[in-house]
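For this chain, numbers begin at 1 and follow the sequence in order. Order of appearance sets the numbers: ligands from 1, and atoms from 1 within every ligand.
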Amino acid sequence: MEKIVILTGAGISAESGLGTFRDEEGLWAQHRIEDVATPEAFVRNPGLVHGFYNARRAQAVKANPNVAHGALARLEREFTGEVLIITQNVDDLHERAGSQSVVHMHGALNGALCHDCDHRWEAPLVMRVGDQCPQCSAQATRPDIVWFGEVPYGMEVIDPALSTADLFVSIGTSGQVYPAAAYAQHSGRMGARTVELNLEQAAYSRDFDEQHYGLATEVVPAWVAGILADRH
Ligand code: BV8
């Protein structure tokens with residue numbers, strides 16, 4: 001059975017109003033990664049880090065999936081083979097668009113974690129320093145996000161999927177964060193055909209067999225329609 005593995009990044013949620021990271025007005029232009037997206041930053045200034053994720057959580061709750069998220073959910077429904085989405089994004093727009101097979105390799109804004117007892121629960125809209133873990137009552141709660149220097153989630157699903165994919169498609173990512181940035185090369189070496197759907201050429205575009213550039217809301221639905229047409 002044919003298997004399509006899709007990697008998504010901030011670009012697929014850009015037209016839902018959620019900031020990307022490395023575009024000129026992106027999140028990393030407003031905050032230094034070292035100050036808000038590393039474990040050391042959280043130890044140094046947990047209030048600042050909670051504030052950064054509280055703001056993004058509030059924005060994500062107000063955002064709506066766009067037609068690119070919808071097209072991927074359609075692909076999963078109508079494609080005769082298997083579809084897996086590996087997302088670097090921490091919003092839940094893929095799920096709200098109807099996708100069911102989604103791996104959040106960098107965690108999720110709607111997840112909370114206790115760094116004392118490893119308990120996980122649905123994050124409140126606002127997380128504060130001093131909040132108690134519902135399980136062990138320690139004041140040790142953090143966003144369930146994978147920061148730089150931490151091990152991404154879902155590797156036990158991702159690695160086999162990359163090795164068995166027939167088609168690997170990367171959507172709306174600048175390919176600058178590892179290990180995700182190496183996925184196209186890895187799956188291509190294992191025999192997958194690799195496709196890049198992006199706003200413009202990225203640093204790692206040469207890793208792909210095929211590229212389609214433009215807004216995700218235009219390029220992704222068109223690409224999905226092509227895939228489904230070829231298989232009917
Ligand atoms: C790890 C947290 C070990 C949540 C994030 C030196 C060399 C190589 C690697 C390293 C190195 N030094 C350190 C590392 C490792 C490090 C790393 O890669 N650093 C980089 C900066 C060099 N990686 C790690 O630490 C990772 N962990 O390596 O552990 C390990 C490895 C393997 C196995 C076991 C253990 C952990 C990385 C996770 C960090 N957390 N996020 C959050 O705050 O969101 S990363 C952050 O960047 C987000 O998750 C984001 O998704 C991700 C990638 O960014 P993009 O999604 O690509 O977004 P970006 O803005 O960059 O690009 C947007 C794209 O969309 C652009 O192409 C743009 O053109 C396009 N676009 C814009 N608008 C549209 C559009 N496309 C279509 N339509 C539009 N409308």
Using a 4.0 Å heavy-atom threshold (strictly under), name the region of Val90 that reaches ligand 1: side chain, backbone, both or neither.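 Val90 to ligand 1: side-chain contact only, backbone stays beyond 4.0 Å.
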If the plane angle is over 60° it's perpendicular, under 30° parallel, otherwise tilted; pick one for [X] and [Y].
X: His94; Y: His69; answer: perpendicular
X: His115; Y: Phe42; answer: perpendicular
X: His119; Y: Trp121; answer: parallel

Please report whether [atom] has a protein non-hydrogen atom at a separation of less than 4.0 Å.
atom: atom 10 (C) of ligand 1; result: no
atom: atom 70 (C) of ligand 1; result: yes
atom: atom 75 (C) of ligand 1; result: yes
atom: atom 14 (C) of ligand 1; result: no
atom: atom 37 (C) of ligand 1; result: yes

Ligand-side contact atoms (ligand 1) for residue partner [X], heavy atom cut-off under 4.0 Å:
X: Leu215; answer: 78 (N), 80 (N)
X: Asn198; answer: 65 (O), 66 (C), 67 (O), 68 (C), 69 (O), 70 (C), 76 (N)
X: Gly9; answer: 56 (O)
X: Met155; answer: 32 (C), 33 (C)
X: Trp147; answer: 36 (C), 39 (C)
X: Gly149; answer: 24 (C), 25 (O)

Can you check which of [options] brings a heavy atom nearest to [atom]?
atom: atom 27 (N) of ligand 1; options: Glu200, Glu150, Glu218; result: Glu150
atom: atom 19 (N) of ligand 1; options: Phe148, Phe52, Tyr53; result: Phe148
atom: atom 43 (O) of ligand 1; options: His106, Gln88, Arg56, Met105; result: Arg56
atom: atom 30 (C) of ligand 1; options: Gly172, Ala14, Pro152, Ala180; result: Pro152

Using modelled atom types only, decide if a donor and an acceptor are shared between the side chain of [X] and the backbone of [Y] within a distance under 3.5 Å.
X: Arg96; Y: Asp91; answer: no
X: Asn64; Y: Ser16; answer: no
X: Arg57; Y: Leu109; answer: yes

Any chance the side chains of Ser101 and Glu76 put a donor and an acceptor closer than 3.5 Å?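 No - no donor-acceptor pair under 3.5 Å links their side chains.
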Side chains of Tyr204 and Gln176: do they bring a donor and an acceptor to under 3.5 Å?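 Per modelled atom types, Tyr204 and Gln176 side chains form no pair under 3.5 Å.
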Quick check on Ala202 - does any of its heavy atoms sit under 4.0 Å from an atom of ligand 1?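 Contact absent.
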Quick one: does Ala37 get a heavy atom under 4.0 Å from ligand 1?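 No, Ala37 has no heavy atoms under 4.0 Å from ligand 1.
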What's the spacing between Asp116 CG and Gln132 CD if we round to 0.5 Å?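 Here the rounded value is 11.5 Å.
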In terms of residue, atom name and distance, what is the protein heavy atom nearest to [atom]?
atom: atom 4 (C) of ligand 1; value: Ile145 CG2, 3.3 Å
atom: atom 57 (O) of ligand 1; value: Thr173 OG1, 2.6 Å
atom: atom 56 (O) of ligand 1; value: Ala10 N, 2.8 Å
atom: atom 79 (C) of ligand 1; value: Gly11 O, 3.5 Å
atom: atom 39 (C) of ligand 1; value: Val146 O, 3.4 Å
atom: atom 80 (N) of ligand 1; value: Glu15 OE2, 3.0 Å
atom: atom 72 (C) of ligand 1; value: Asp23 OD2, 3.4 Å
atom: atom 7 (C) of ligand 1; value: Tyr178 CD1, 4.7 Å

Are [X] and [Y] close enough that some pair of their side-chain heavy atoms sits under 4.5 Å apart?
X: Glu2; Y: Phe79; result: yes
X: His104; Y: Val90; result: no
X: Gln59; Y: Leu18; result: yes
X: Met190; Y: Phe168; result: no

For the CZ atom on Arg44, are there more than 12 heavy atoms of other groups (residues, nucleotides or ligands in this structure) within a distance under 6.0 Å?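 Above 12, so yes.
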Looking at Val169, Ile4, Ile85, which one forms a side chain to side chain contact (heavy atoms under 4.5 Å, CB included) with Leu72?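 In the set Val169, Ile4, Ile85, the residue that makes a side chain to side chain contact (heavy atoms under 4.5 Å, CB included) with Leu72 is Ile85.
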